[in-house]
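Numbers for residues simply follow the sequence, beginning at 1. Only heavy atoms go into these numbers, but all of them, side chains included; no hydrogens, no water, no symmetry mates. Note that the structure is a prediction, hence the values are computed from the model and not measured.
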Amino acid sequence: MPHVSEQSTSYLIPARPEVLISITEALRQSDPDIKGICNLIKQDVALYSSVIATVNSSYFGIRTEITSVERAVALLGIKRVFNIVQLAALKNSLSAVGPMERFWDTATEVARITAALANQFTNLDPDETYTLGMLHDSGIPLLMQAKPEFKDKLRELNGASLTEINEQELALYGVSHYQLSSELARKWNIGESTAEAIGRQPYYEKTFKEPADEKEAMRLKLCMLLLARDISDAYRHFWRIPDPKEEAIKIMPVLNFLGISDFDYADLKEDIVSTLSLQQ
């Protein structure tokens with residue numbers, strides 16, 4: 001899987017903001033100053049607001065409203081709050097394209113399903129897999145920013161397979177949004193196995209045929225993401241979107257890798273789609 005050229009000036013991957021770098025450095029200390037970290041978050045009003053809104057979402061299941069970062073840290077722990085801060089900062093950094101509520105709603109849906117599947121089938125960190133789901137298509141705003149016509153191309157590609165989308169983007173722009181998503185994760189120090197899983201989405205069939213090695217965590221993350229995408233697509237197609245032109249993801253290679261039968265997966269998929277419909 002090729003990386004994006006660092007010399008490219010057409011596709012600008014946003015740098016991590018200074019506040020995030022400062023928080024990262026503070027967390028590396030043997031005895032992190034939690035009060036100081038909370039103060040750093042509060043200095044950035046947009047970031048602070050995003051973090052508070054996120055911790056009060058239904059995903060975290062906190063019954064009482066959280067009104068301070070200190071309270072969020074007390075209930076969720078500093079590691080989990082840092083993950084929230086990082087995603088909030090990234091989301092704010094990608095806002096230059098304009099309002100993208102539907103894009104982020106879909107990303108959040110995929111993230112929640114990815115984390116739930118990982119919790120059920122693997123020993124992967126649910127927060128890492130949630131981040132994986134949030135960032136899996138994060139290159140789309142970057143490509144739209146560099147190539148405004150890409151928005152129309154996305155509509156044209158609706159329902160196409162991951163492989164076809166990747167090939168058409170490479171042919172038109174010399175880079176795919178999967179590559180940009182992967183490079184964004186690397187630049188923001190999200191974790192190599194997460195970054196690689198994101199970039200390998202259109203190459204998943206080949207990935208599962210490779211010999212087992214130290215990249216087992218990457219393959220498991222890729223499996224969870226692909227299943228989550230398939231379930232999310234099924235939910236959205238059921239309620240709002242006509243049937244796709246073809247399967248976006250051939251799911252059997254994923255199930256075979258995990259050792260899950262197609263019957264068991266069909267039941268799991270139906271349960272999750274039903275749960276999503278009840279949350280509307």
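Residues L162 and N166 fail the side-chain proximity criterion, which asks for heavy atoms closer than 4.5 Å. With contacts defined as side-chain heavy-atom distances shorter than 4.5 Å, the pair E65/T67 qualifies. Considering only heavy atoms from C-beta on, F82 comes within 4.5 Å of L27 through its side chain. Counting heavy atoms from C-beta outward, L227 and L268 have side chains that stay 4.5 Å or more apart. Residues L47 and L20 are not in side-chain contact: their nearest non-hydrogen atoms beyond the backbone lie 4.5 Å or more apart. Residues M252 and D262 form a side-chain contact, since some pair of their non-hydrogen atoms from C-beta on lies under 4.5 Å apart. Using a 4.5 Å cut-off on side-chain heavy atoms (C-beta onward), L225 and L117 make no contact. Contact check for F208 versus C223: side-chain heavy atoms found under the 4.5 Å cut-off.
Of the options K215, E196, M218, a side chain to side chain contact (heavy atoms under 4.5 Å, CB included) to T207 is made by M218 and by none of the others. Checked against Y11 for a side chain to side chain contact (heavy atoms under 4.5 Å, CB included), the options L142, L184, L180 give a single hit: L180.
Atom CG of L75 is separated from atom CD1 of I66 by 4.5 Å, given to the nearest 0.5 angstrom. Atom CD1 of I41 is separated from atom OG of S22 by 11.5 Å, given to the nearest 0.5 angstrom. The NE2 atom of H136 sits 6.0 Å away from atom CD of Q201, with the distance rounded to the nearest 0.5 Å. The line from OG1 of T64 to CD1 of I62 is 7.0 Å long, rounded to the nearest 0.5 Å.
A salt bridge does not link K147 to D152: none of the charged nitrogens lies less than 4.0 Å from a carboxylate oxygen. Classification of E216 and K221 as a salt-bridged pair fails, no side-chain N sitting under 4.0 Å from a carboxylate O. Salt bridge annotation for R102-D105: absent, with no cationic side-chain nitrogen under 4.0 angstrom from a carboxylate oxygen. Comment: K153 does not engage E149 in a salt bridge, judged by the lack of any side-chain N to carboxylate O separation of less than 4.0 angstrom. R219 and E210 are joined by a salt bridge, as a carboxylate oxygen and a charged side-chain nitrogen come within less than 4.0 angstrom of each other. Contact check on K269 versus D233 returns no salt bridge, with no Lys/Arg side-chain nitrogen under 4.0 Å from an Asp/Glu carboxylate oxygen.
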* After noting the C-alpha distance and the side-chain angles of S58 and R112, does the key distance pass the side chain to side chain donor-acceptor pair (under 3.5 Å) rule? -> CA-CA 11 Å; S58 60; R112 292 183 175 189; 3.2 Å; yes

* To do: Would you check, one step at a time, whether the test side chain to side chain donor-acceptor pair (under 3.5 Å) holds for T24 with R28?
  => CA-CA 6 Å; T24 303; R28 285 176 180 161; over 6 Å; no

* To do: Under the side chain to side chain donor-acceptor pair (under 3.5 Å) rule, what do E164 and Q168 come out as? Steps first, then yes or no, please.
  => CA-CA 6 Å; E164 182 184 351; Q168 290 212 30; 3.1 Å; yes

* Verdict with reasoning, E169 to H177, per side chain to side chain donor-acceptor pair (under 3.5 Å) -> CA-CA 8 Å; E169 289 176 358; H177 81 265; 2.8 Å; yes

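A distance-only check finds a donor-acceptor pair linking the side chain of S95 to the backbone of N92 [under 3.5 Å]. No side-chain donor-acceptor contact under 3.5 Å links D230 to the backbone of L226. A donor-acceptor pair is defined here as one N or O able to donate and one able to accept, closer than 3.5 Å; such a pair exists between the side chain of T108 and the backbone of W104. Of the possible donor and acceptor atoms, none in the side chain of K187 sits under 3.5 Å from a partner among the backbone N and O of R16. Between the side chain of S138 and the backbone N or O of L135 there is at least one donor-acceptor pair closer than 3.5 Å. Panel note: side chain D137, backbone I140; no donor-acceptor pair is recorded below 3.5 Å. Of the possible donor and acceptor atoms, one in the side chain of W188 sits under 3.5 Å from a partner among the backbone N and O of P14. Under a 3.5 Å cut-off, the side chain of D264 and the backbone N or O of I260 do not form any donor-acceptor pair. Not one N or O on the side chain of T114 forms a donor-acceptor pair closer than 3.5 Å with the backbone of A228. At least one donor-acceptor pair under 3.5 Å links the side chain of T163 to the backbone N or O of P202.
Y59 and Y130 have their aromatic ring centers within a separation under 6.0 angstrom.
No more than 12 heavy atoms of other residues, nucleotides or ligands shown are found within 6.0 angstrom of CZ on R71. Crowding of N123 atom CG: a count of heavy atoms from other residues, nucleotides or ligands under 6.0 Å not exceeding 12. Enclosure of atom CD in E270 is not indicated, since only 12 or fewer non-hydrogen atoms of other residues, nucleotides or ligands lie within 6.0 angstrom.
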